[in-house]
Amino acid sequence: MFLFEEAQQVANPMSSSLDFMMIFNIFIAAYLLYYAIKGSGKVYENEYPKAMQESYLKFMRKFCWIAGVGMMVFSILEYLNGFDSIFSILSIVYVLGCVVTYFVLFRVKYKEYLKKTKPVKKQ
């Protein structure tokens, strides 16, 4: 049995890399969930204006919950069923969807705080 598994890994050297990526995704999901539960830490540190800090912290905490739970579920299912399962595609789509949604919602919700003042031109 052991020789057969070793022969499979020799035949497919990418399998160990893919296993590492699936486990790494689980750790990222655990990281997001840790900061969602904790509610403070490096993920919440920023240099945004004071007026938006409280609202941003709530927004970031919700994002950590949503992204962390979904990513944890899909990553575990992907790990249990293999990289060539439907859960791999769902996991990738979910993470990309979370990232795009975060940036869109962030830009829409906090656009008045993030407007850059234009420098005055000297004449």
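What you are looking at is a predicted structure, and each value in this text was computed from that prediction instead of being measured.
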Is the CD atom of Glu54 crowded by more than 12 outside heavy atoms at less than 6.0 Å?
no
Which pair of heavy atoms, one from Met71 and one from Ile28, lies closest together, and at what distance?
CE-CG2, 3.6 Å
Output the distance between atom SG (Cys64) and atom OH (Tyr34), rounded to the nearest 0.5 Å.
12.0 Å
Does Val108 share a hydrophobic cluster with Phe59, counting links as ILVMFWY side-chain heavy atoms below 4.5 Å and allowing steps through other members?
no
Flag if over 12 foreign heavy atoms under 6.0 Å of OH, Tyr79:
no
Over all heavy atoms of both residues, which pair between Tyr44 and Gly39 is shortest? Give the atoms and the distance, please.
CE1-C, 3.5 Å
Strictly by modelled atom types, are Tyr110 and Ser55 linked by a side-chain donor-acceptor pair under 3.5 Å?
yes
Nearest atoms (heavy-atom pairs only) where Leu33 meets Met72:
CD1-CE, 4.1 Å
Between Asn46 and Gln53, is a side chain to side chain contact (heavy atoms under 4.5 Å, CB included) present by the stated rule, with each step listed?
CA-CA 9 Å; Asn46 58 59; Gln53 287 292 330; 2.7 Å; yes
Within a reach of under 6.0 Å around NZ of Lys58, are more than 12 heavy atoms found that belong to other residues, nucleotides or ligands?
no
Non-neighbouring partners of Thr101 that pass side-chain hydrogen bond (donor to acceptor under 3.5 Å, both in side chains), sequence neighbours left out
none
Which pair of heavy atoms, one from Ala67 and one from Leu32, lies closest together, and at what distance?
CB-CD1, 4.0 Å
Trace of the side chain to side chain contact (heavy atoms under 4.5 Å, CB included) decision for Phe106 with Lys111:
CA-CA 8 Å; Phe106 183 82; Lys111 67 181 175 185; over 6 Å; no
What is the distance from atom CG of Leu57 to atom OH of Tyr48, rounded to the nearest 0.5 Å?
11.0 Å
pair Lys42-Tyr35: side-chain heavy atoms closer than 4.5 Å
yes
Indicate, with yes or no, if Val100 and Met60 share a hydrophobic cluster defined by side-chain heavy-atom contacts under 4.5 Å among Ile, Leu, Val, Met, Phe, Trp and Tyr.
no
Could you go through the side chain to side chain contact (heavy atoms under 4.5 Å, CB included) check for Phe63 and Leu105 one step at a time?
CA-CA 10 Å; Phe63 173 78; Leu105 288 177; over 6 Å; no
Measuring from Leu80:CG to Met22:CE, what's the distance to the nearest 0.5 Å?
9.5 Å
Review item, side-chain donor-acceptor pairs of residues 87-95, under 3.5 Å, at least two apart:
unit_1	atom_1	unit_2	atom_2	d
Ser88	OG	Glu78	OE2	3.3
Ser88	OG	Phe83	O	2.5
Tyr94	OH	Ile66	O	2.5

Nearest atoms (heavy-atom pairs only) where Tyr102 meets Tyr56
OH-OH, 3.5 Å
If Ile, Leu, Val, Met, Phe, Trp and Tyr residues are connected whenever their side-chain heavy atoms lie under 4.5 Å apart, and connections chain through other members, are Leu96 and Val104 in the same group?
no
Within a radius of less than 6.0 Å around NZ of Lys109, do more than 12 heavy atoms belonging to other residues, nucleotides or ligands occur?
yes
Is Phe24 atom CZ crowded by more than 12 heavy atoms from other residues, nucleotides or ligands, each under 6.0 Å away?
no
